[in-house]
Amino acid sequence: MNLQIRSRKDFPALLTSLNLLDEVAEIGVGQGDFSYHILNNWNGEKLYSIDSWSHDNCWFDKSNASQQEQDKNYRITKEKLRKFGLRSE
């Protein structure tokens, strides 16, 4: 089998071609854009969108936003993925 991934947007097709149609996870979700892309382009059973959505005082990185911003990201993600119902957790 020759699978070629040109970009991360090809990931849902890879999951399908490998017959990974049960449960998968995305780690580091942010505002849920890529989780949305996966769910919208993959026919699997369930995607677990995992993120701490918490500020860490010992971590210096642009994705380490304030707790207020992290809470906002969580709300945005929940709203964005709501349309997928039980396929999204």
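All residue numbers refer to positions in the sequence shown, counting from 1. As a basis for the values below, the full set of heavy atoms in this structure was taken, side chains included, without hydrogen atoms, waters or symmetry mates.
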Inset, instruction - Among Glu26, Glu23, Glu89, find the residue that satisfies the salt bridge (charged side-chain N to carboxylate O under 4.0 Å, His left out) test when tested with Lys46. - result: Glu89
Inset, instruction - For side chain to side chain contact (heavy atoms under 4.5 Å, CB included), just list the numbers for Lys83 and Asn40, CA-CA rounded to whole Å, side-chain angles, deciding distance to a tenth of an Å, and then say yes or no. - result: CA-CA 10 Å; Lys83 81 175 223 168; Asn40 210 36; 4.0 Å; yes
Do [X] side-chain atoms and [Y] backbone N/O form a donor-acceptor pair below 3.5 Å?
X	Y	result
His37	Lys9	yes
Asp71	Gln68	no
Asn73	Gly30	no

[X] [atom1] to [Y] [atom2] distance, which is reported to the nearest 0.5 Å:
X	Y	atom1	atom2	result
Arg82	Lys78	CZ	NZ	10.0 Å
Ser35	Lys80	OG	NZ	9.0 Å
Leu39	Leu47	CG	CG	4.5 Å
Asn43	Leu15	CG	CG	11.0 Å
Glu69	Gln67	CD	CD	10.5 Å
Asp10	Thr16	CG	OG1	11.5 Å

Inset, instruction - Starting from Tyr74, walk the hydrophobic network (Ile, Leu, Val, Met, Phe, Trp, Tyr; side-chain heavy atoms closer than 4.5 Å) and list everyone else you reach, by chain and number. - result: Val29, Trp53
Legend entry - Shortest non-hydrogen contact between Ile76 and Gln31, atoms and distance: CD1-NE2, 3.6 Å
Legend entry - Exceeds 12 heavy-atom contacts within 6.0 angstrom, atom CG of Asp61: yes
Legend entry - Residues in side chain to side chain contact (heavy atoms under 4.5 Å, CB included) contact with Leu14, at least two apart in sequence or another chain: Leu3, Ile5, Phe11, Ser17, Leu18
Legend entry - Sequence-distant partners of Ile27, side chain to side chain contact (heavy atoms under 4.5 Å, CB included), two or more places apart: Ala25, Ile50
Inset, instruction - Using the side chain to side chain contact (heavy atoms under 4.5 Å, CB included) rule, take Leu81 and Arg87 through it: C-alpha gap first, then chi angles, then the decisive distance, then the call. - result: CA-CA 9 Å; Leu81 303 181; Arg87 291 186 62 221; over 6 Å; no
Legend entry - side chain to side chain contact (heavy atoms under 4.5 Å, CB included) between Tyr36 and Thr77, intermediate numbers included: CA-CA 9 Å; Tyr36 183 93; Thr77 299; over 6 Å; no
